[in-house]
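Computed from a predicted model, the values in this text were never measured in an experiment.
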Amino acid sequence: MIKIGDTLFLEIRKTGQEPQKFQCKVEDIRGDHLLVTYPSDLRTNKSEFFMVKNKILCTFYDKS
């Protein structure tokens, strides 16, 4: 399961464009909600803000 401190890999896909890839860390878990750090672009390492209603693919890897 996802734990505090785990890294999440995020991807936004837009038609006709290369996927944008980001990463962030889980800061807190409250019920069925994850609170995460600002996502950082994997290419530029700059923080990003996502628009409401963006569809995001989220991946994480379990170490067990």
Side-chain angles (χ1 to χ4, degrees):
M1 253 357 238
I2 296 176
K3 299 178 292 298
I4 293 173
D6 283 352
T7 300
L8 302 178
F9 297 95
L10 311 173
E11 194 171 290
I12 296 178
R13 297 178 184 201
K14 295 181 181 175
T15 306
Q17 296 181 7
E18 288 290 316
Q20 292 177 280
K21 297 181 180 185
F22 306 89
Q23 72 177 18
C24 62
K25 289 199 179 269
V26 178
E27 287 280 311
D28 197 7
I29 301 171
R30 297 182 186 171
D32 61 350
H33 291 81
L34 298 176
L35 283 76
V36 300
T37 59
Y38 287 112
S40 297
D41 188 302
L42 289 178
R43 278 186 312 110
T44 64
N45 206 31
K46 292 185 178 180
S47 295
E48 284 285 331
F49 298 93
F50 297 154
M51 300 300 290
V52 175
K53 296 188 180 183
N54 272 352
K55 292 184 180 179
I56 301 169
L57 173 67
C58 179
T59 306
F60 77 99
Y61 299 96
D62 189 2
K63 296 177 185 175
S64 57

Task: Neighbour count >12 (heavy atoms, 6.0 Å) for atom CD, Gln17 - done: yes

- [ ] May I ask you to list the residues sharing a hydrophobic cluster with Leu10, side-chain cutoff 4.5 Å, ordered by chain and number?
- [x] Ile2, Ile4, Leu8, Ile12, Phe22, Val26, Ile29, Leu34, Val36, Phe50, Ile56, Phe60

Task: Considering all heavy atoms, the nearest Cys24-Pro39 contact - done: CB-CA, 4.0 Å

Task: Spacing of CG belonging to Asn45 relative to CD belonging to Gln23, to within rounding of 0.5 Å - done: 7.5 Å

Task: salt bridge (charged side-chain N to carboxylate O under 4.0 Å, His left out) contacts in which one or both residues fall within residues 24-38, not counting sequence neighbours - done: Asp28-Arg30

Open item on the list: To check you understand the geometry: which heavy-atom pair defines the closest contact between Asp6 and Met1, and what is its length?
Closed with: OD2-O, 3.9 Å

Open item on the list: Please report the interatomic distance CD(Glu11) to CD(Glu18), rounded to the nearest 0.5 Å.
Closed with: 10.0 Å

Open item on the list: Let me confirm one number: the CG-NZ distance from Asp62 to Lys3, rounded to the nearest 0.5 Å.
Closed with: 5.5 Å

Open item on the list: Quick check for you: to the nearest 0.5 Å, what is the distance between Lys21 atom NZ and Arg13 atom CZ?
Closed with: 8.0 Å

Task: Glu48 side, atom CD; Ser40 side, atom OG - distance, nearest 0.5 Å - done: 9.0 Å

